[in-house]
Amino acid sequence: MKRSLKMLKKMIISVLTFSVMLVFSACGGEDGDESGTFLSLAKDGTIRSHIEESFEESYYDKEELEQAVLEQAADYNNRTGTESIAVEKVEVKDGLAQVTLTYAGVRDYAAFNQVLFFAGTAGDAQSAGYDLDVVLSGVKDSGETLGKADILALKEEKLLVTDINETVKLDGKALYISDNVTVSSGGKIVKRSEDGNKMMYVVYK
């Protein structure tokens, strides 16, 4: 199973002394609650990441996990000369570790987790090197489609492009999606529907 976040994988590797495969817990928060593993986009450009991972206290130490998380975030902030990553919570309860981080922007999230992740204007996505030669289908009417020229002509809408498998809570509602995206909660939540290398694209407003 693909890891939810490469960041968490780095943290777990730095803490655990046992060769144990961790299994992800709840996948969701599709009803708008604060449980599960998910990513939230805010209108000010910040990103909030909430991770839940199986974590048996009889084998693993909560203080070591917390220290590892704090060190990872501090190392990134020191290297970039910023305060781009803030650790909100590291908690272990009932065999479940919960880690919540806030990122100043999409570049920080992508760099820290070593993933492809963009959220912004289509023009900026193209300038950043993302391939926009795709066909997106309408969420309400799948027969309504957008091609590259249509995507680049968008003015008020935003574009999400990523290769992560996490649930993403948008700061708006999905309007057009690639064929590997599932949508829920009235268009506010999106997720890749496959584990392959294909990127997911979401136009939202």
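Below, each value reflects all heavy atoms present in this structure, side chains not excepted, and no hydrogens, waters or symmetry copies.
Taken to the nearest 0.5 Å, the CZ atom of Phe112 stands 8.5 Å off from the CG atom of Asn77. To the nearest 0.5 Å, the span separating OG1 on Thr162 from CZ on Phe118 amounts to 11.5 Å. Rounding to the nearest 0.5 angstrom, the gap separating the CG atom in Leu136 from the OG1 atom in Thr145 is 8.5 Å. One finds the CG atom of Asn165 at 9.5 Å from the OG atom of Ser193 (value rounded to the nearest 0.5 Å). In this structure, OG in Ser49 is found 7.5 Å from CD in Glu166, a value given to the nearest 0.5 Å. In this structure, OG1 in Thr167 is found 9.5 Å from CG in Leu39, a value given to the nearest 0.5 Å.
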**Request:** Walk me through it: do Asp108 and Tyr76 pass the test side-chain hydrogen bond (donor to acceptor under 3.5 Å, both in side chains)?
**Result:** CA-CA 9 Å; Asp108 298 300; Tyr76 179 89; 2.8 Å; yes
**Message:** If you apply the rule side-chain hydrogen bond (donor to acceptor under 3.5 Å, both in side chains), what do you find for Gln67 with Glu63, and how did you get there?
**Reply:** CA-CA 6 Å; Gln67 186 62 29; Glu63 283 72 26; over 6 Å; no
**Request:** Report the C-alpha distance between Gln98 and Ile51 in whole Å, list the side-chain angles of each, state the deciding distance to 0.1 Å, and finish with yes or no for side chain to side chain contact (heavy atoms under 4.5 Å, CB included).
**Result:** CA-CA 6 Å; Gln98 298 185 4; Ile51 308 159; over 6 Å; no
**Request:** Could you walk me through whether Ile164 and Arg192 pass the side chain to side chain contact (heavy atoms under 4.5 Å, CB included) test, one step at a time?
**Result:** CA-CA 7 Å; Ile164 68 172; Arg192 281 211 313 170; over 6 Å; no
**Request:** In sequence, state the C-alpha distance, the side-chain angles, and the governing distance for Leu170 and Ile189, and then conclude on side chain to side chain contact (heavy atoms under 4.5 Å, CB included).
**Result:** CA-CA 6 Å; Leu170 302 170; Ile189 292 178; over 6 Å; no
**Message:** Between Thr121 and Asp124, does the side-chain hydrogen bond (donor to acceptor under 3.5 Å, both in side chains) criterion hold? Intermediate values first, please.
**Reply:** CA-CA 5 Å; Thr121 68; Asp124 286 344; 3.1 Å; yes
**Request:** Would you check, one step at a time, whether the test side chain to side chain contact (heavy atoms under 4.5 Å, CB included) holds for Val139 with Leu175?
**Result:** CA-CA 5 Å; Val139 172; Leu175 302 177; 5.5 Å; no
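For the pair Asp75 (side chain) and Gln72 (backbone), a donor-acceptor distance under 3.5 Å is absent. Of the possible polar contacts, none joining the Asn113 side chain to the Val115 backbone as a donor-acceptor pair under 3.5 Å is found. Using modelled atom types, one side-chain atom of Thr182 and one backbone atom of Lys191 make a donor-acceptor pair closer than 3.5 Å. Judged purely by atom type and a 3.5 angstrom limit, Asp141 uses its side chain to pair as donor or acceptor with the backbone of Gly143. Listed for the Ser142 side chain is no donor-acceptor partner under 3.5 Å among the backbone atoms of Gly138.
Tracing side-chain contacts under 4.5 Å through hydrophobic residues (I, L, V, M, F, W, Y), one reaches Leu116 starting from Val134; they form part of the same cluster. Under the 4.5 Å side-chain heavy-atom criterion for Ile, Leu, Val, Met, Phe, Trp and Tyr, Ile151 and Tyr204 are members of distinct hydrophobic clusters. Both Ile85 and Leu65 belong to a single network of hydrophobic side chains, linked directly or stepwise wherever heavy atoms of I, L, V, M, F, W or Y lie under 4.5 Å apart. In the hydrophobic clustering of ILVMFWY residues, with side-chain heavy atoms under 4.5 Å counting as a link, Val168 and Ile47 come out together. Taking hydrophobic clusters as Ile, Leu, Val, Met, Phe, Trp and Tyr residues chained together by side-chain heavy-atom distances below 4.5 Å, Leu160 shares a cluster with Val106.
Residues meeting the side-chain contact (heavy atoms from CB on, under 4.5 Å) test with Val181, sequence neighbours left out: Ile177, Ser178, Val183, Val190, Met200, Val202. The salt bridge (charged side-chain N to carboxylate O under 4.0 Å, His left out) check on Lys158 picks up Asp171, with sequence neighbours excluded.
Among all heavy-atom pairs drawn from Leu132 and Ala125, the shortest one is CD2-CB, 4.4 Å. For Val90 against Glu66, the heavy-atom pair with the smallest separation is CG1-CA, 3.7 Å. Here the closest non-hydrogen pair linking Leu159 and Ala122 is CD2-CA, 4.2 Å.
Just one residue in the list His50, Glu88, Lys89 forms a side chain to side chain donor-acceptor pair (under 3.5 Å) with Thr100, and that residue is His50.
Using a 3.5 Å distance cut-off with no hydrogens or angles, the side chains of Glu144 and Tyr176 do pair a donor with an acceptor. Under the 3.5 Å distance criterion, with hydrogens and angles disregarded, no donor-acceptor pair is assigned to the side chains of Tyr201 and Asp131.
Ion pairing between a basic and an acidic side chain is recognised when a charged N comes within 4.0 Å of a carboxylate O; Lys198 and Asp179 show such pairing.
Contact check for Arg48 versus Phe38: side-chain heavy atoms found under the 4.5 Å cut-off.
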